[in-house]
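Right, one structure below, let's go through it.
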Amino acid sequence: MAGAARPLFSAAAIWRVADLLRGGVAPAEYGPVILAFTMLRRLELSRARPARGLDAVARAADPLACLDRLIGRLPASVRDITAQLEVMPLARHLARAGMLGTVAAHFAALDLSPARYGTEAMARLFEELVHHFATSQRTGAHFTPPEVTDLMVDLVFAPDGPGAHHALYDPAAGTGALLGRAADRLLARGVTADLFGQEISPRACALCRADMLLRGHAPGHVASGDTLAHDGHAGRRFARMLSNPPFGLDWRHIRDAIQAEHATGDAGRFAPGLPRVSDGSMLFMLHLVAHMRGRRAGGARIGVVTHGAALSGGGAESGESAIRRYLVEHGLIDTIIALPTDLFVNTGIATYVWILDNNRPAAWRDRVRLVDATGLWQRATSGSGEKRREMTQAHVAAVVQACMADTAMDIIQRAGPDGAPASWQVLAHDIPTPDDATDGRRAAFSRILPGREFLYHGLTVTRPARDGAPARTTFRVGIEHDPQAWFSRMVQPYDPEARLDAARTAMGCAISFARYFSHDAAPRPLAEIEAELRRSMARLVALMPGGDEGKRA
């Protein structure tokens with residue numbers, strides 16, 4: 001029944017086992033069954049001497065008893081993983097339906113060996129399966145593109161040479177793909193790391209623990225549960241952290257716990273402020289900052305992915321603004337990188353990588369580097385969903401180059417036929433354009449700015465009531481201006497009835513890439529503009545009395 005091993009091309013190949021399950025188990029159990037048996041097959045093929053446990057189950061007169069004996073002989077750490085994946089309860093359902101032997105045979109025929117599928121490939125396969133069957137997955141949970149992981153690793157571990165060793169932590173670990181790829185990239189550089197994480201989904205957590213086990217790391221270093229409500233690594237500090245927390249995470253179901261911790265001030269993780277309940281992504285930012293190793297112990301560096309709202313969402317009085325202001329005033333933001341759109345599967349929104357560091361040289365603590373990498377991409381050579389673009393290693397290297405420079409950088413790009421750059425050159429902002437690059441478009445690539453430039457006064461100006469509540473208008477005014485002096489100069493001479501509401505004056509913080517980077521569209525060809533004008537004129541003439549439209553009227 002098992003037959004020869006069949007090649008595995010994608011999650012869809014494994015998902016075809018659902019055809020075997022129809023009519024025997026509930027559709028809601030298809031995914032859990034597939035995940036559990038995929039993990040079992042991977043584990044038995046990852047041993048120094050691959051086992052034939054599932055094959056034995058498939059051939060046994062009593063498959064359920066055979067599987068129970070198989071799991072009973074596993075190490076305690078592996079038994080914990082099978083328990084978290086509910087392997088035996090699922091197996092009992094399959095046995096009652098007379099399907100356990102057939103399902104075991106299907107997976108025994110799949111070649112999921114490390115020789116065919118490396119650890120990263122398996123981690124991504126597990127993630128794809130988790131998302132395939134999840135009907136109520138958390139809003140904003142997205143795979144981390146491998147090139148984004150590579151970029152964060154290169155920047156967060158930039159100070160570390162061969163022989164360095166750190167604890168690396170991800171508070172939204174998923175199935176471990178980000179941690180696993182990071183570990184592989186670091187190992188190629190001679191850097192090692194102890195891996196730690198936490199994951200809210202029990203099944204994803206079990207798969208992450210399985211991946212840690214196969215890598216030789218401690219599965220217990222991956223905590224299970226909601227990171228924001230119950231910190232699984234409370235009291236521990238990390239030198240290096242990477243994370244791609246879910247975008248737009250609604251946290252109203254844990255609001256009481258978050259607000260209670262916020263009320264404890266500096267004793268908790270969320271003292272600087274609380275974002276709106278519809279988007280808790282910046283709570284993860286504060287969580288990471290709270291876990292930074294102290295400066296006296298060598299400090300810490302963080303790489304975290306966010307969406308655009310983390311840069312400028314909310315008004316001056318909002319929690320998001322308060323969090324950004326805290327990061328700026330404490331000199332924690334080293335770099336923010338604007339990524340190309342459409343890098344992530346199933347979302348095309350603008351995304352950003354933040355690099356935080358609490359041990360920067362004193363001269364740099366009040367500066368923030370912005371890097372506009374939105375133009376560095378190519379069409380995705382292979383992808384799924386809405387991942388239409390990808391960054392190559394050459395693109396990643398160009399961004400790292402700009403991030404490591406101690407001066408502002410420009411980029412000269414020559415556009416290809418599909419809009420992606422056919423070639424590019426990164427050079428210092430104050431260097432003239434080389435003679436051999438005059439046919440390319442030169443634009444700002446990185447800018448180094450004082451953090452105070454992102455602070456502003458939020459001023460509320462009121463006018464007398466007109467049949468109702470007083471009219472209020474809010475202005476953003478640069479931090480260098482005195483609020484009353486600005487109002488007296490810019491508003492009062494033109495509207496004597498207006499008043500500055502001093503009680504509503506607040507200091508805000510917002511980070512705008514558009515202010516420093518131009519994205520002017522290429523001019524349209526003159527012939528195209530002329531042709532469109534002629535068509536428009538023809539339509540206007542037709543609408544005039546005596547025109548074609550007028551005659552038909």
Side-chain angles (χ1 to χ4, degrees), residues 149-171 178-179 182-183 185-186 189-197 231 233-243 245 266-272 282 284-306 310 323-337 352-371 399-408 446-455 509 511:
T149 298
D150 293 347
L151 176 61
M152 290 197 293
V153 168
D154 289 355
L155 293 176
V156 169
F157 286 83
D160 303 304
H165 180 84
H166 288 297
L168 173 60
Y169 171 59
D170 180 358
L178 190 157
L179 282 173
R185 192 168 181 87
L186 290 172
R189 294 172 41 183
V191 177
T192 55
D194 293 325
L195 305 182
F196 294 80
D231 186 354
H233 294 285
R236 187 184 289 272
R237 298 292 179 265
F238 298 97
R240 303 288 182 260
M241 290 174 269
L242 301 172
S243 192
D266 291 340
R269 295 168 291 171
F270 310 122
M282 293 198 78
F284 278 95
M285 185 93 73
L286 291 179
H287 170 85
L288 289 163
V289 168
H291 277 279
M292 296 180 92
R293 185 178 65 177
R295 185 177 298 165
R296 290 184 178 180
R301 286 173 67 83
I302 295 170
V304 58
V305 182
T306 75
I323 294 170
R324 289 188 294 268
R325 180 181 170 188
Y326 175 87
L327 297 176
V328 166
E329 291 183 340
H330 285 76
L332 294 175
I333 305 176
D334 181 85
T335 301
I336 303 177
I337 304 155
Y352 301 81
V353 166
W354 297 55
I355 304 298
L356 307 182
D357 190 332
N358 65 352
N359 196 28
R360 296 193 293 161
W364 282 84
R365 285 176 197 158
D366 65 342
R367 300 186 185 185
V368 176
R369 177 188 287 104
L370 302 183
V371 181
V399 177
V400 172
Q401 177 187 350
C403 292
M404 295 295 101
D406 59 1
T407 187
S446 73
R447 293 294 180 262
I448 300 172
L449 306 158
R452 283 183 57 81
E453 198 154 319
F454 305 126
L455 303 179
C509 182
I511 301 169

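Numbering of residues begins at 1 and proceeds along the displayed sequence.
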Residues in side chain to side chain donor-acceptor pair (under 3.5 Å) with [X], at least two apart?
X: Ser446; answer: none
X: His165; answer: Thr192, Asp194
X: Asp154; answer: Arg185
X: Asp366; answer: none

For side chain to side chain contact (heavy atoms under 4.5 Å, CB included), just list the numbers for Leu370 and Phe454, CA-CA rounded to whole Å, side-chain angles, deciding distance to a tenth of an Å, and then say yes or no. CA-CA 12 Å; Leu370 302 183; Phe454 305 126; 4.2 Å; yes

Pairwise distance [atom1]([X]) to [atom2]([Y]) - rounded to 0.5 angstrom:
X: Met282; Y: Thr306; atom1: CE; atom2: OG1; answer: 7.5 Å
X: Arg367; Y: Asp406; atom1: CZ; atom2: CG; answer: 9.5 Å
X: Asp170; Y: Met241; atom1: CG; atom2: CE; answer: 11.0 Å
X: Leu186; Y: Asp160; atom1: CG; atom2: CG; answer: 8.0 Å

side-chain hydrogen bond (donor to acceptor under 3.5 Å, both in side chains) pairs, two or more places apart, involving residues 291-303: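 Only Asp231-His291, Arg301-Asp357 qualify under side-chain hydrogen bond (donor to acceptor under 3.5 Å, both in side chains).
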
I'd like to check [X] versus [Y] (side-chain heavy atoms, cut-off strictly below 4.5 Å). Are they in contact?
X: Pro159; Y: Arg240; answer: yes
X: Val305; Y: Tyr352; answer: no
X: Pro162; Y: Val191; answer: no

Results of side-chain contact (heavy atoms from CB on, under 4.5 Å) for [X] - residues two or more places apart only:
X: Ala408; answer: His429, Arg447
X: Pro450; answer: Glu453
X: Asn358; answer: Met292, Ala300, Leu332
X: Ile337; answer: Leu151, Leu155, Thr335, Leu339, Val353, Val371, Ala373, Val399, Cys403

Please check: side-chain N/O of His287 versus main-chain N/O of Pro171, any donor-acceptor pairing under 3.5 Å?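 Checking the backbone N and O of Pro171 against the side chain of His287, no donor-acceptor pair under 3.5 Å is found.
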
Please report the closest heavy-atom contact between Trp354 and Ala310, naming both atoms and the distance.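 Smallest heavy-atom distance, with atoms named: CZ2-O, 3.7 Å.
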
For the student: nearest non-hydrogen atoms of Val153 and Leu242, plus distance: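 Heavy-atom minimum between the residues: CG2-CD1, 3.7 Å.
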
So, do Tyr169 and Phe196 have ring centers that fall under 6.0 Å from each other?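 Centroid distance Tyr169-Phe196: not below 6.0 Å, so no.
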
Show, in sequence, the C-alpha distance, side-chain angles and deciding distance for Ile302 and Val156, and conclude whether the side chain to side chain contact (heavy atoms under 4.5 Å, CB included) test is met. CA-CA 6 Å; Ile302 295 170; Val156 169; 5.8 Å; no

Side chain to side chain contact (heavy atoms under 4.5 Å, CB included) between Ile448 and Val368, worked out: CA-CA 6 Å; Ile448 300 172; Val368 176; over 6 Å; no

Checking Phe157 now: which residues fulfil ring pair (Phe, Tyr, Trp, His ring centres under 6.0 Å) with it, not counting sequence neighbours?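 With neighbours one apart ignored, the set is empty.
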
Check step by step if side chain to side chain contact (heavy atoms under 4.5 Å, CB included) holds for Phe284 and Val304. CA-CA 9 Å; Phe284 278 95; Val304 58; 5.8 Å; no

Tell me which pairs pass salt bridge (Lys or Arg N to Asp or Glu O under 4.0 Å) where either residue lies in residues 323-336, with sequence neighbours left out.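 Those involving residues 323-336 are Arg325-Glu329, Asp334-Arg360, Asp334-Arg369.
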
